[in-house]
There are 4 protein chains.
Amino acid sequence: MESSLLEKFDRLNEQTGYKNRSEAIRDLIREKLVNEEWRSSEQETVGVFSLIYDHHQRELNKTLTSIQHNHLDVIVSSTHIHIDRHNCLEVIILRGKADVIKKITNEIASTKGVKHGALNMTSTGSNL
Amino acid sequence: MESSLLEKFDRLNEQTGYKNRSEAIRDLIREKLVNEEWRSSEQETVGVFSLIYDHHQRELNKTLTSIQHNHLDVIVSSTHIHIDRHNCLEVIILRGKADVIKKITNEIASTKGVKHGALNMTSTGSNL
Amino acid sequence: MESSLLEKFDRLNEQTGYKNRSEAIRDLIREKLVNEEWRSSEQETVGVFSLIYDHHQRELNKTLTSIQHNHLDVIVSSTHIHIDRHNCLEVIILRGKADVIKKITNEIASTKGVKHGALNMTSTGSNL
Amino acid sequence: MESSLLEKFDRLNEQTGYKNRSEAIRDLIREKLVNEEWRSSEQETVGVFSLIYDHHQRELNKTLTSIQHNHLDVIVSSTHIHIDRHNCLEVIILRGKADVIKKITNEIASTKGVKHGALNMTSTGSNL
C-alpha cells in the first residue's frame with residue numbers, strides 16, 4: 001500500500017484514539033459488514049432505539065408500553081432516564097431482522113408526543 | 001402547498017405510521033433542530049452509544065470501566081446485554097457538549113476488542 | 001404548531017438562506033420523498049456519481065469508458081474536470097431504477113485506480 | 001487478522017465488484033480521509049452539487065445564474081440536463097474550502113423553485 005496513504009491514515013487514527021493500525025482497519029471492515037447486516041432480509045441483528053418524549057403528554061406512556069408489549073419477541077430491554085421536568089429519554093434494545101426492527105421503531109417514532117426517535121444500527125457481533 | 005406534494009407525503013406517512021400530517025411535519029423540523037444541536041459547540045445534548053465486544057478479550061472490561069469512570073460528569077448510565085457466549089452489547093447514555101461526547105465515544109470505539117461502536121445523536125428535548 | 005418550535009425553525013432557516021418558512025417545509029417533505037424513490041424497486045430516479053482517479057493509472061481510462069458504454073441506456077452524460085497533473089474528476093449522470101444505478105456505480109468505484117466514488121441520490125423531480 | 005473476518009469481507013467485496021482485497025481496504029481508508037477533508041476548515045476540497053428545478057418557475061434561472069456568478073472563484077463548471085418538460089437537473093462542480101462550498105450550495109438549495117439539492121462531498125484527490 002502507498003506509504004503516503006498509510007501515513008495520513010495513521011495520523012487520523014492517532015486523533016481518534018487508535019493505538020494500532022490493524023485494529024483501525026478491522027473496524028473499517030466491520031463497519032461495512034454491519035451495513036450489510038442491515039441490508040439483509042434474513043440475518044438477525046441488533047438495534048438500539050432512543051426516543052425523547054414529554055411525559056406530560058396524555059396517554060403516551062400507555063401507548064409506548066402497549067407497542068413494546070406487542071413485540072416482546074423482539075424487544076430485549078428498555079432503559080428510562082429523566083432528563084428534566086418535562087423530557088424523558090427511553091432507550092430500547094431490539095433484536096431481530098432489520099425490517100422488523102425498523103417497522104417497530106417507525107411505529108414508536110410516529111406516535112404523537114414522541115419528539116425525537118433515532119435508531120442505532122448495530123449488530124449481534126457474531127459476524128464480526 | 002401543492003396538493004400533489006401533500007398527497008404523496010400523506011401516503012408515505014401512512015406507511016411509516018403517522019396518524020396526522022402536522023405531527024409528521026413537526027418531526028421533520030425537530031430532526032433538523034437535533035442536527036443543529038450536534039453541530040453547535042455550546043449546547044448541551046444527549047448521545048446514546050452502543051458497543052459490541054467480546055468479553056473474553058483480556059483487560060477490555062477493565063479498560064472500558066476505567067474510561068467511563070474518567071468521565072462521570074458526562075456518562076449518565078450504562079446497560080449491559082449478554083448477546084451470546086462471546087458477545088456483549090453495552091449501551092452508554094451520555095449528556096454534555098457534542099464535542100466531548102464524540103471524543104469519549106471515539107476513545108471507546110478505538111479500544112482493541114471493541115468490534116463495533118455506534119453513536120446515536122439524540123437530544124435533551126428541551127429545544128424540541 | 002408550537003410557537004417555540006417554529007421560532008427555532010425560522011432562526012435555522014434564516015441561517016441556511018430560506019426566505020420563507022413554507023418553502024423550507026416543502027423541502028423537508030421533498031427530501032423524504034426522494035429517500036423513498038431510492039428505496040423503491042420500481043420508480044425511475046436520477047443519480048449523480050462523482051469519481052476521482054489518477055489518469056496515469058494504466059488501462060483505467062479504457063475500463064471506465066467500457067463500463068459506461070455497456071450501460072448506455074442508463075448513463076445520460078459525463079463531465080470531466082482536470083484537477084491537477086495527476087487527478088481527474090469525472091461526474092456521471094445516470095437515470096434508471098435505483099438498483100441498476102447502484103450496481104453500475106459500485107462497479108466503477110471498485111475499479112483499481114479509482115480513488116473515491118460518491119453517489120448523489122437525487123430525483124427526476126416528477127414526484128416532487 | 002482473523003480469517004473469519006477476512007472471509008466475510010472478501011465475500012462482500014465480490015458482490016460490490018472488487019477484484020482485490022487491498023484495493024477494497026485502500027478505498028475504506030480513502031473514504032475516512034475524505035470525511036476528514038470535509039471536517040477541516042483549512043483544506044481545499046471538491047463538491048458536486050445536484051439540483052432539480054422546474055424551469056417554468058419565474059426568475060429562478062436568473063437567480064441561479066446570479067448566485068453562480070457571485071462565486072466564480074469556487075464554481076468550476078455547470079452541466080444542464082433536460083429531464084422532462086418541466087424538470088431540469090443542474091450539476092455544479094465546486095472547488096474550495098468545505099465551509100464555503102456548503103454556504104453556496106445551501107443558498108442555492110433554499111431558493112424558491114429548487115425542488116431538491118444534494119451535495120456530493122468528494123475530494124481533490126491530492127491527499128488520497
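So you know, we letter chains A, B, ... as the sequences are listed, proteins then strands, and number each from 1. Source: prediction; values computed, not measured.
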Is there a donor in the side chain of [X] and an acceptor in the side chain of [Y], or the other way round, less than 3.5 Å apart?
X	Y	result
H116(A)	S123(B)	no
H86(A)	D84(A)	no
S22(A)	N20(A)	yes
Y18(A)	D27(A)	yes
K19(B)	N13(B)	no
S50(B)	E90(B)	no

With a 4.5 angstrom heavy-atom cut-off, which part of [X] approaches chain A: side chain, backbone, both or neither?
X	result
V48(B)	both
T124(B)	both
L89(B)	side chain
A109(B)	backbone
E107(B)	backbone
V46(B)	side chain
S77(B)	side chain
S126(B)	both
L33(B)	neither
I81(B)	side chain

Max heavy-atom pair count under 4.5 Å with chain B, selected residue of T111(A), V114(A), V91(A), N87(A):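 Among the listed options, the one with the most contacts to chain B is N87(A).
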Most contacts with chain B, counted as non-hydrogen pairs under 4.5 angstrom, among V76(A), I52(A), I108(A), D54(A): I52(A)
Measure the shortest side-chain to side-chain distance between [X] and [Y] over non-hydrogen atoms and say whether it is less than 4.5 angstrom.
X	Y	answer
K102(B)	W38(B)	yes
E42(A)	K97(A)	yes
R26(B)	K112(A)	yes

Using a 4.5 angstrom heavy-atom cutoff, name the option from G117(B), A118(B), S110(B) with the most pairs to chain A. S110(B)
Below 4.5 Å, heavy-atom pairs only: which of I83(B), L51(B), N106(B), I93(B) has the largest tally toward chain A?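 Most pairs with chain A among the choices: I83(B).
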Residue part contacting chain B, namely of T79(A), when any heavy atom lies under 4.5 Å: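 When you check distances to chain B, only side chain atoms of T79(A) fall under 4.5 Å.
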Walk me through it: do E37(B) and K32(B) pass the test salt bridge (Lys or Arg N to Asp or Glu O under 4.0 Å)? CA-CA 9 Å; E37(B) 216 170 294; K32(B) 276 277 172 201; over 6 Å; no
